[in-house]
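Taking it in order: structure first as structure tokens, then the write-up.
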Amino acid sequence: MQLSIGSVASLQDGDVERRIASDGRAVAVYRVRGVIYATDDKCSHGAASLSDGFIEGDLIECPAHGGQFHIPTGLPRCFPVVEAVRAYLVEVRDGVAYIEV
């Protein structure tokens, strides 16, 4: 099933934004080297929002404790995070992004 996460026209390379998917889940949406990615917005280590974090290459750094996740896969890359966040398959049609759930 696909859920809309909205237009990606304003998302620039190196940007991350918090979006609400059409089922109400919070998703962080990224543009990295021209590709759109999406993960759950909530850090697996704490209650921080990854969309408030910092992109470095293809990693997102949690703003609360500095842990990092690999954006394309959601896998943890830097302590203190040890549990992955969910990464979604993203399809962009006519400028609108959809995630596969």
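These numbers come from the heavy atoms of this one structure, side chains and all, not from hydrogens, waters or symmetry mates. We're numbering straight along the sequence, starting at 1.
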Residues Ser4 and Val96: closest non-hydrogen pair is OG-CG1, 3.8 Å
Could you list the donor-acceptor pairs under 3.5 angstrom formed by side chains in residues 79-88, with sequence neighbours left out?
unit_1 : atom_1 : unit_2 : atom_2 : d
Tyr88  : OH     : Arg25  : NH1    : 3.3
Tyr88  : OH     : Asp40  : OD1    : 2.4

Got a second to check how far Leu59's CG is from Gln68's CD, nearest 0.5 Å? 5.0 Å
Closest heavy-atom pair, Pro63 versus Gly53, reported as atoms and distance to 0.1 Å, is CD-CA, 3.7 Å
In terms of hydrophobic clusters joined by side-chain contacts under 4.5 Å, are Phe54 and Val32 together? no
Donor-acceptor pair, distance only, cut-off 3.5 Å: does the side chain of Arg31 make one with the backbone of Val8? yes
More than 12 non-hydrogen atoms from neighbouring residues, nucleotides or ligands closer than 6.0 Å to CD on Glu100, yes or no? yes
Is there a donor-acceptor pair closer than 3.5 Å between any side-chain N or O of Asp41 and the backbone N or O of Ala26? no
Closest non-hydrogen contact found for His65 with His45 is ND1-ND1, 3.1 Å
Euclidean distance, His70 NE2 relative to Ile60 CD1, rounded to 0.5 Å: 12.5 Å
Identify the two heavy atoms, one from Leu11 and one from Val16, that lie closest to each other, and give their separation to 0.1 Å. CD1-N, 4.4 Å
Same cluster for Ile36 and Val101 if Ile/Leu/Val/Met/Phe/Trp/Tyr side chains link at under 4.5 Å? yes
Please report the closest heavy-atom contact between Gly74 and Phe69, naming both atoms and the distance. O-CD2, 3.5 Å
Closest heavy-atom pair and its distance - Arg19, Ile5: NH1-O, 2.8 Å
Please name the residue in the list Asp13, Asp58, Thr39 that meets the side-chain hydrogen bond (donor to acceptor under 3.5 Å, both in side chains) test with Tyr30. Thr39
Looking at CD1 of Ile99 and OH of Tyr37, how far apart are the two atoms once the value is rounded to the nearest 0.5 Å? 16.0 Å
Shared hydrophobic cluster, Val90 / Val29 (ILVMFWY, side-chain heavy atoms < 4.5 Å): yes
I'd like to know if the side chain of Glu91 and the backbone of Ala97 have a donor-acceptor N/O pair within less than 3.5 Å. no
How many angstroms lie between atom CG of Leu3 and atom CD1 of Ile20, to the nearest 0.5 angstrom? 12.0 Å
Could you state the interatomic distance from CZ (Arg18) to OG (Ser51), rounded to the nearest 0.5 Å? 6.5 Å
Out of curiosity, Leu75 CG to Ser44 OG, how far, rounded to the nearest 0.5 Å? 10.5 Å
